[in-house]
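A short write-up of the structure that comes next.
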Amino acid sequence: MALSFVVASDDKHVVISDMTKRISRIALPGGEVVAQTSTAMPDDVCLLYELGDRVLALGRKGMAVIDDKTLEVVASRSLERPHYLPIATTLAGDAFVTGKYSVWELHRLNMESEVPTLEVLPLPSAQRPLAAAFSPDGRLLALATKDGVRVLDSRSLEETGSRETGIKAPGTIHCVAFDGNDHLAVGWGLGLVEKAPGVLVYDLGSDAPPEELMSRSPRATSGVIRSILCDPGGGRLLFGIAPAGILAGFQLEDDAWTEAFAVEYQEGTWSGFRLRGGPGGDEVYVSGMNPQHSSVVHIDSGELLMQHQVQGLFRLQSAGQGRFLVGLRAGRLVVKGR
């Protein structure tokens with residue numbers, strides 16, 4: 001019975017786990033098993049998350065970083081307490097943040113030692129983090145709490161210079177994201193009928209205090225900015241508003257952010273979205289809070305390229321140029337495409 005899966009870094013295979021601690025690599029779209037191994041996980045629950053060209057296997061008593069091609073364990077460690085899923089990872093897959101309640105930690109993969117290890121550092125926060133994001137180069141870590149956003153050096157976990165002032169938002173922060181131009185986007189909302197959500201964009205590219213480049217309340221009159229995405233190459237910003245089901249896109253032109261599109265989809269379904277293909281990619285994968293709805297849209301227009309609504313289907317991901325949508329239903333791997 002399949003428990004969890006991720007699309008491999010080559011977009012042509014899926015890595016899945018099952019209740020027996022077995023990890024398998026399966027080819028798309030046919031489903032042939034091309035590799036299989038048992039992990040070093042100390043318990044049967046093994047949830048998988050993407051980590052660059054590696055996979056993070058997270059269990060109740062331990063975690064392991066696995067090569068997504070060979071399925072060999074790169075590094076592992078036991079856990080004194082169970083962790084929730086990672087809330088931020090670097091593009092290179094060499095660091096990630098996990099946490100539960102008020103205990104949040106930064107894990108860094110050290111490949112320079114004779115035996116690769118996972119270094120662990122507690123995050124310096126008196127409040128429970130609400131969201132976190134690494135900059136594309138992995139140098140900065142934005143950590144959002146109810147007191148605002150702190151931008152830390154990801155190595156020392158210290159604030160430097162003007163960033164000690166922090167970044168505030170008019171409501172609860174739900175998501176943060178960097179682009180490739182030293183811009184930090186902050187999505188917030190109160191979830192109240194009478195209060196519209198909003199997005200703030202700051203320039204962190206100088207020693208001066210963070211400069212506010214954009215403050216927008218989208219056409220939704222209520223709800224929250226549930227997910228936000230900055231193109232790692234810079235110049236494009238997308239955010240999803242729940243439960244209104246609105247996807248909005250902005251472009252950076254002449255040092256100003258202008259609205260490119262705003263599309264309203266099915267209410268209550270759009271809570272997250274994902275850029276595929278890295279810089280220059282033209283597709284965004286969207287999965288919603290409603291597990292029956294997942295889509296692929298064009299990044300510049302919001303045009304719907306592909307959509308599936310399947311009873312009982314959850315946690316879909318896009319894979320490759322063939323526009324496969326991969327998910328789990330009743331413990332079985334499901335591949336949809338055209």
Next on the checklist: Which heavy atom of Gly198 sits nearest to which heavy atom of Ile225, and what is that distance?
Outcome noted: O-CG1, 3.3 Å
Next on the checklist: Quick check for you: to the nearest 0.5 Å, what is the distance between Leu118 atom CG and Leu106 atom CG?
Outcome noted: 10.5 Å
Checklist entry - Quick one: do Val97 and Leu121 end up in the same hydrophobic cluster if we chain Ile, Leu, Val, Met, Phe, Trp and Tyr together by side-chain heavy atoms under 4.5 Å apart? => result yes
Next on the checklist: What's the separation between atom CZ in Arg77 and atom NE2 in His107, rounded to the nearest 0.5 Å?
Outcome noted: 5.5 Å
Next on the checklist: Within the 4.5 Å heavy-atom criterion, are Arg25 and Val34 side-chain neighbours or not?
Outcome noted: yes
Item to check | Test item: Trp188 and Val149 side chains (from C-beta on) under 4.5 Å apart, heavy atoms | outcome: no
Item to check | Sub-4.5 Å side-chain heavy-atom contact between Leu237 and Met214 | outcome: yes
Checklist entry - Taking all atoms of both residues into account, what is the closest heavy-atom pair of Ile16 and Val14, and its distance? => result CG2-CG1, 3.5 Å
Item to check | Reported CZ-to-OG distance for the pair Arg22 and Ser17, which is rounded to 0.5 angstrom | outcome: 10.5 Å
Checklist entry - What pair of heavy atoms forms the shortest contact from Asn110 to Glu119, and how long is it? => result ND2-OE2, 3.0 Å
Checklist entry - If only atom types and distance count, is the side chain of Thr89 paired as donor or acceptor with the main-chain N or O of Phe96 below 3.5 Å? => result no
Checklist entry - Stepwise, does the side-chain contact (heavy atoms from CB on, under 4.5 Å) test hold for Arg216 with Phe250? => result CA-CA 11 Å; Arg216 294 293 295 261; Phe250 285 77; 3.3 Å; yes
Checklist outcome for this item: Between the CD atom in Glu212 and the CG atom in Asp203, the distance rounded to the nearest 0.5 Å is 12.0 Å
Checklist entry - Run the side-chain hydrogen bond (donor to acceptor under 3.5 Å, both in side chains) check on Thr258 and Gln251 step by step: do they pass? => result CA-CA 5 Å; Thr258 59; Gln251 292 183 339; 5.5 Å; no
Next on the checklist: Show the nearest heavy-atom pair for residues Pro116 and Ala75, with the distance to one decimal.
Outcome noted: O-CB, 3.6 Å
Item to check | side chain to side chain contact (heavy atoms under 4.5 Å, CB included) against Ala131, all qualifying residues, sequence neighbours excluded | outcome: Ala144, Val176
Checklist entry - Do Asp68 side-chain atoms and Ser9 backbone N/O form a donor-acceptor pair below 3.5 Å? => result yes
Checklist entry - If we only count heavy atoms from C-beta on, is the Asp53 to Lys69 side-chain gap below 4.5 Å? => result yes
Checklist entry - Would you say Val73 and Val65 make side-chain contact, with heavy atoms under 4.5 Å? => result no
Checklist entry - Under a 4.5 Å cut-off applied to non-hydrogen side-chain atoms, are Val224 and Thr172 in contact? => result no
Checklist entry - Can you find a pair of side-chain heavy atoms, one from Met111 and one from Val74, that are under 4.5 Å apart? => result yes
Checklist entry - Between OG1 of Thr145 and CH2 of Trp104, what distance do you get to the nearest 0.5 Å? => result 12.0 Å
Checklist entry - Is any side-chain heavy atom of Leu48 less than 4.5 Å from a side-chain heavy atom of Ile23? => result yes
Checklist entry - Is a side-chain donor or acceptor of His183 paired with a backbone partner of Val201 at a separation under 3.5 angstrom? => result no
Next on the checklist: Can you give me the closest heavy-atom contact between His13 and Asp10, atom names plus distance?
Outcome noted: ND1-OD2, 2.8 Å
Item to check | From Ser135 atom OG to Leu141 atom CG, the distance as rounded to the nearest 0.5 Å | outcome: 8.5 Å
Checklist outcome for this item: Looking only at heavy atoms, the pair that brings Leu247 and Phe261 closest together is O-CE1, 3.7 Å
